[in-house]
J.: 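I'd like to ask some things about the structure below.
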Amino acid sequence: MTQQTESRPVGTFRSRFMQEAEARGFVFQCTDAAALDAAMLAGPVCGYIGFDPTADSLHVGSATQIMLLRLLQKHGHRPVALLGGGTAKIGDPSFREEARSLMSEDTIATNIAGIERSLRQMMTFGDGPSDAILANNADWLDKLSYIDLLREVGVHFSVNRMLSFDSVRSRLEREQGLTFLEFNYSILQSYDFRELNRRYGVTLQMGGSDQWGNIVSGIDLVRRTDSKQVFGLTAPLLTTASGAKMGKSAKGAVWLSADKLPVFEYWQFWRNTEDADVGRFLKLFTDLPVEECDRLGAFEGADINEAKKILATEATALCHGRAAAEEAAETARRVFVSGQSAASLPTRTLPRADLQTGFPAFRLFAEAGLASSNGEARRLIRGGGARLNDAQITDEGQVISLADAVDGALKLSSGRKHHILVRPEG
RNA sequence: GGAAGAGUGCCCGAGUGGCUAAAGGGGGCGGACUGUAAAUCCGCUGGCGUACGCCUACGUUGGUUCGAAUCCAACCUCUUCCA
């Protein structure tokens, strides 16, 4: 059972990091919170979070973790972002429906490169006392010897105990199978913690609540082999007020990389936050003062839309820069408030010659990426959800060409919220 | 190594020879209502073609049959029990 390990009354922290982390809703579980609090008061603490390179970009689900690292940095502590280049070769079995397919070295390398970009955008890296450090566990895991690992680390792990962790047990109970390979993930993650402690003096591992078991294992390992006390802190698993998991949107995952999700769409994701989540998300995903977040989140009715715009712009600014965020906000204002087109809507270019000839409406929607297949585009049009320059398209075979362009672009819309500009190439 | 069971569409899950592109639910998309929210209601939800249509799909490969997701064989994977 993942138990709360501390029984400290709320609001008793003395270190600024812990106070703010708690006030903003980042703290779910913490090992020996009082001692961690004291350590933070005594001086800079080095804390890390691991990111698995399972895709070439992180998504909003990971944003919480990055915000935690930022918070650490903000209060003079030192954040370490650990990329799981080594562990990615195994796959974390925690709460997974089934085994993850194994990734090739190449895939892992490109994924790491993509993730690194987002991390660098959101934190300051360098050699200063509170500059962030980027590490890759492939640096030490790759050359581990199996026998040595078993002798030196394996002896400290109780299988009985590992089986009792929720993360493992849920897999077993579902009769879904758990290979020995995956079963080792937790051991390697523990090894990471110890290695980071030895290399950089890392004494805190943070993560999502699904990482509790792995984190505690690491703490035990460090205590047993190096006789040092290190800490763990988990953030709550984020769901929206209506119970859905965070991070899904029209187009699937909400990626942090602009290559995978246009900034405008990212802004829109936050803009469409449920009313009840606004205050909570402001605290988690922006740098605005807590009191301001509470004030904005308390708006009622339509007024809260203003708070959502602030949330969207602030959250987007952290991830894509202030200028891009303002631009997305302005684009949204034009599209939704004035009902105009805007030059900074996501744009798709198609060969000029093809556009001159024209496409049947359904094909154009598919080509532009507003529908994933011709069939889907047809359904969209039949359902009355497709528009060209804000006029509903009724005939799926209607030929649309450059002649229909306004200001050199065709504005296509799927529903009220998804707009794209199609421009000729060259 | 032996025995029993399971593998269905994005997910869960029904289906045990034709009426099955495959019930139902979830998710997703669109519409209505709103506040670019939630809740609710309605429609759509494999691909290709304007279309009568064609193609792909029920773990894999073969077979039986006019016809198979459904029957048979082998194989693969997983689960449980035994050694």
Side-chain angles (χ1 to χ4, degrees), chain A residues 93 95-99 101-102 170-183 239-254 264-282 296-313 316 328-340 342 345 358-387 390 392-400 412-420:
Chain A
F95 306 104
R96 295 254 147 210
E97 298 287 309
E98 54 195 61
S101 52
L102 299 173
S170 66
R171 270 288 280 280
L172 294 177
E173 279 172 1
R174 274 194 248 176
E175 303 189 346
Q176 230 134 22
L178 181 68
T179 63
F180 184 66
L181 180 82
E182 295 173 275
F183 191 61
T239 55
T240 64
S242 50
K245 271 189 195 155
M246 275 284 287
K248 292 293 182 185
S249 84
K251 298 287 174 187
V254 178
F264 174 71
E265 303 281 346
Y266 188 74
W267 191 93
Q268 281 294 313
F269 168 75
W270 293 107
R271 172 61 184 82
N272 287 308
T273 297
E274 291 177 32
D275 290 7
D277 290 326
V278 173
R280 192 161 57 102
F281 286 1
L282 277 165
L296 291 169
F299 286 178
E300 305 255 335
D303 289 341
I304 202 162
N305 282 327
E306 290 313 308
K308 291 186 188 180
K309 289 175 193 166
I310 293 170
L311 167 64
T313 301
T316 305
E330 174 58 17
T331 299
R333 194 190 63 74
R334 286 215 213 138
V335 173
F336 290 102
V337 181
S338 328
Q340 306 169 347
L345 279 176
F359 290 90
F362 71 90
R363 286 211 44 168
L364 186 59
F365 272 77
E367 292 285 339
L370 278 179
S372 57
S373 69
N374 290 347
E376 190 177 306
R378 281 203 173 85
R379 280 178 234 125
L380 176 69
I381 295 169
R382 283 177 198 156
R387 275 166 294 139
D390 300 309
Q392 190 180 62
I393 297 173
T394 47
D395 174 10
E396 59 193 75
Q398 174 190 343
V399 174
I400 299 174
L412 303 184
S413 310
S414 160
R416 313 195 122 188
K417 292 188 210 162
H418 302 109
H419 309 278
I420 204 167

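Scope of the values below: all heavy atoms of this structure, side chains included, with no hydrogens, waters or symmetry mates. Letters A, B, ... are given to chains in the order of the sequence lines, protein chains preceding strands, and every chain is numbered from 1.
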J.: OP1 or OP2 of C29(B) less than 4.0 angstrom from a side-chain nitrogen or oxygen of His418(A), does that happen here?
T.: no
J.: Could you state the atom-to-atom distance from OH of Tyr266(A) to P of U36(B) in whole Å?
T.: 22 Å
J.: Between G59(B) and U79(B), how many Å separate the two C1' atoms, rounded to a whole number?
T.: 15 Å
J.: Across all strands shown, which nucleotide pairs with G1(B) by Watson-Crick or G-U wobble geometry, both distances under 3.5 Å?
T.: C82(B)
J.: Rounded to whole angstroms, how far apart are CZ on Arg334(A) and P on U36(B)?
T.: 19 Å
J.: Ignoring hydrogens and geometry beyond distance, is a side-chain donor-acceptor pair present between Trp267(A) and Thr313(A) at under 3.5 Å?
T.: yes
J.: Looking at every heavy atom in both Ile304(A) and Gly297(A), which two are closest together, and how far apart are they?
T.: CD1-O, 3.8 Å
J.: Phe365(A) and side-chain contact (heavy atoms from CB on, under 4.5 Å): which partner among Ile393(A), Ile420(A), Asn374(A)?
T.: Ile393(A)
J.: Which is true for Phe362(A) with a 4.0 Å heavy-atom rule: it touches a base, it touches only sugar-phosphate, or it touches nothing?
T.: sugar-phosphate
J.: Please report the shortest heavy-atom distance between Ala307(A) and Phe299(A), naming the atom on each side.
T.: CB-CD1, 4.3 Å
J.: Figure out the CZ/P separation between Phe359(A) and G49(B), and round it to whole Å.
T.: 13 Å
J.: Under 3.5 Å, is there an N or O donor on one side and an acceptor on the other linking the side chain of Arg416(A) and the base of U34(B)?
T.: yes
J.: Under 4.0 Å between any heavy atoms, over every strand shown, what does Ala332(A) touch: base, sugar-phosphate, or nothing? Just pick one.
T.: base
J.: Counting any heavy atom closer than 4.0 Å, what does Gly397(A) reach on the DNA or RNA strands: base, sugar-phosphate only, or nothing?
T.: nothing
J.: Is there a side-chain polar atom (N or O) of Ser414(A) under 4.0 Å from OP1 or OP2 of C29(B)?
T.: no
J.: Indicate the atoms forming the closest heavy-atom contact of Glu367(A) with Phe359(A), along with that distance.
T.: CG-CE2, 4.1 Å
J.: Could you identify the nucleotide paired to C44(B), looking across every strand shown and requiring Watson-Crick or G-U wobble geometry with both distances under 3.5 Å?
T.: G28(B)
J.: If you check every side-chain atom of Asp275(A), which of A51(B), G35(B), C29(B) has the closest atom?
T.: G35(B)
J.: Check Ile381(A) against Ala386(A) and note the closest heavy-atom contact, atom names and distance.
T.: CG1-CB, 3.6 Å
J.: Provide, to the nearest angstrom, the distance between the NE2 atom belonging to His419(A) and the P atom belonging to G30(B).
T.: 10 Å
J.: With a 3.5 Å limit on both atom pairs, tell me what G49(B) is paired to, counting Watson-Crick and G-U wobble, or say none.
T.: none
J.: If pairing requires Watson-Crick or G-U wobble contacts with both distances under 3.5 Å, which nucleotide is the partner of A6(B)?
T.: U77(B)
J.: What is the base-pairing partner of U20(B), counting Watson-Crick and G-U wobble geometry with both distances under 3.5 Å?
T.: none
J.: Between Ser373(A) and C48(B), does any side-chain N or O lie under 4.0 Å from OP1 or OP2?
T.: yes
J.: Mind calculating the distance between CD (Glu396(A)) and P (C48(B)) to the nearest angstrom?
T.: 12 Å
J.: Counting distance alone, no hydrogens or angles: does the base of G49(B) have a donor or acceptor under 3.5 Å from a partner atom on the side chain of Asn374(A)?
T.: no
J.: For Arg379(A), which contact category applies under a 4.0 Å heavy-atom criterion: base, sugar-phosphate, or nothing?
T.: sugar-phosphate
J.: Quantified in whole Å, what is the P atom distance between nucleotide A38(B) and nucleotide G53(B)?
T.: 40 Å
J.: Take Ile304(A) and Pro360(A), find for each the nucleotide of RNA chain B with the closest heavy atom, and name the residue whose nucleotide sits nearer the 5' end.
T.: Ile304(A)
J.: Tell me whether the side-chain N/O atoms of Lys309(A) come closer than 4.0 Å to OP1 or OP2 in G35(B).
T.: no
J.: Between Arg387(A) and Lys417(A), which residue's closest nucleotide on RNA chain B lies nearer the 5′ terminus?
T.: Arg387(A)
J.: At under 4.0 Å, does any side-chain N or O of Arg378(A) touch on OP1 or OP2 of C48(B)?
T.: no
